[in-house]
2 protein chains.
Amino acid sequence: MQDKDDATRPDFLLPREFGTALPTGVVKNAVEKLGRRIANDEYPEGEPIPTEPELAESLGVSKTAVRDAIKVLSGKGMVRTARRYGTRVRPISEWHLLDADVVSWHDATHPRMAQMFIESTELRCIIEPAAAELAAERATPEQVEAILDATSALRPDAVDSSLLYEADCRFHCTILDATGNQMMRQLRPMIMSVLRISYEFGVQTDRGEPVSRKGHLLVAKAIQKKDGTVAKLEMEKMLEANRRTARAYWENKTKFT
Amino acid sequence: MQDKDDATRPDFLLPREFGTALPTGVVKNAVEKLGRRIANDEYPEGEPIPTEPELAESLGVSKTAVRDAIKVLSGKGMVRTARRYGTRVRPISEWHLLDADVVSWHDATHPRMAQMFIESTELRCIIEPAAAELAAERATPEQVEAILDATSALRPDAVDSSLLYEADCRFHCTILDATGNQMMRQLRPMIMSVLRISYEFGVQTDRGEPVSRKGHLLVAKAIQKKDGTVAKLEMEKMLEANRRTARAYWENKTKFT
DNA sequence: CTAAAGTCTAGATACCATGTAAAGAACTGA
DNA sequence: TCAGTTCTTTACATGGTATCTAGACTTTAG
């Protein structure tokens, strides 16, 4: 079976048969615990974290599991390990910030989360309008339909916001897919991470009404009409509004580093 | 010390003290061998690759080292492992194509390399003009100087093309840096990977003269003058030319899948 | 006396060898 | 078709040895 975490990873993104590439058992648990600790500065940058035997005991797993977990974190650029050097937290500039886990391991109140939120939105303002334009030219009929479906699912009469989140993800991810550019698709997990967080904090909803629901519709219709120029323009407007809202929200909420 | 591979990873990108996050010993060797095999379709997608004991023997390392190597590949989305299921190659759509290793493990003649080349260029045509615009607004004096330096190092009287490659990397990477957006920086390794390959194939040089050297200069000067609009425009022109050249080159060279 | 360079050693991960547990694929029988 | 069984394979545990290097220490040069 799939692990419970996949609740946050809708089916349309992860066909069951492909499974997950990451550890699923005790190692997964260890990865998350250590990842969260590191992301939230519990271990100072540049300093050694506890040794393998110490972590093994404190996490209640074997040395092997700790090693495996640390290897995953290495793969995300968060730590460096070497003989005698120990395992040390690398500078944040080396972290793989396009990795969904690295983003989502941060506490919502962490200053870096605000920064990542703003930066990811800036990146989206660049990528997604262009993606919408390409999608208008290249989307398959099924993709167009999926985008329209997602738009209509953004109705405010949805009971809980998780449905809005799911629809929003489907909207943006399908557009990225529809570019036909496999590299662009790689940004989907990160975008979903950020979206999830913004929904949790209510940034994306305004008294239950999804922010810029009309914007989504305009983009979708432009893609349907294969009008790349309008799709790009409307996506730009939508994200720009998003950006202002988010920026104001987060700037009030937290201070910068 | 650093391993020889770091020849392809110039100092300006990787301050020595940060070291590498990836394995450096026999595991690194195993990762590369397996990674290249998978990237070049030596193991069919969806089918189990040899078991841990078999790989351990054929690679001449212990089972542990094989496990570690496979874990790295899992982290890049290339394989999935499970009990009794074995280790199987995941669909290419799941691979982390923004990872520099995943790109560079492909043989230069692999059809997917052509596809990645075209797709990465498409992505760059979106990202880099916007990055240049932001860089024009935000670049520090040091960064402006670095960009100008890199431009002047693109002189055609450079003896070997590796110097051109290095300068080209410095140019594009510094501009991404200068956006101040940490997420945008994450694209640097992938871009460098693609650049390296295109230099190896001579796509970027025309009888020793770097393609669009004048374009680089125009972008650099615009950034110096803090003229975002011109920087963006010139970067667009430069990459668009790049795209046409590369596309024609690769389409003649290989067939698509 | 001070600072730079060389040496040594403790302490950490890298790797190895082996074993047990567990989970899913494939088979089996109704 | 479906439920149960088996068996293969990785997941995880245990306990080592090898190797590298940060940091302490020593030596030397100025």
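We name chains A, B, ... by the order of the sequence lines, and we start the count at 1 in each one.
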Does NZ or CZ of A/R83 lie under 6.0 Å from the centre of the six-membered ring of A/Y85, at an angle within 45° of the ring axis?
-> no

Short side-chain N/O contact to C/dA14 OP1/OP2 from A/R67, under 4.0 Å | yes

Donor on one side chain, acceptor on other, A/Y165 and A/R196, under 3.5 Å | no

Take the protein atom CG of B/N29 and the nucleotide atom P of C/dA14, then report the distance between them rounded to whole Å.
-> 16 Å

Between CZ of B/R83 and C1' of D/dT6 the distance, given in whole Å, is 17 Å

For the pair made of CD1 in B/I70 and P in D/dT9, what is the distance, rounded to whole Å?
-> 13 Å

Rounded to whole Å, the NZ-C1' distance (B/K71 to D/dT10) equals 9 Å

Whole-Å gap separating C1' (D/dT9) and OH (B/Y85) = 13 Å

With no angle test and no hydrogens, is the base of D/dT8 tied to the side chain of B/R84 by a donor-acceptor pair under 3.5 Å?
-> yes

Crowded around A/E57 CD? As in, over 12 foreign heavy atoms under 6.0 Å?
-> no

Answer yes or no: is there a side-chain heavy-atom contact under 4.5 Å between B/V72 and A/K71?
-> no

Provide, to the nearest angstrom, the distance between the NZ atom belonging to A/K28 and the C1' atom belonging to D/dT10.
-> 18 Å

Near-strand residues of residues 50-60 of chain A, defined as heavy-atom separation under 4.0 angstrom from DNA chain C | A/T51, A/E52

For nucleotides 14-16 of chain D, list the nitrogen or oxygen atoms of the protein found under 3.5 Å from its nitrogen or oxygen atoms, one pair per line.
| from | atom 1 | to | atom 2 | distance (Å) |
| --- | --- | --- | --- | --- |
| D/dG16 | O6 | A/K63 | NZ | 2.7 |

Which residues pass the side-chain hydrogen bond (donor to acceptor under 3.5 Å, both in side chains) test with B/H106, sequence neighbours left out?
-> B/R112

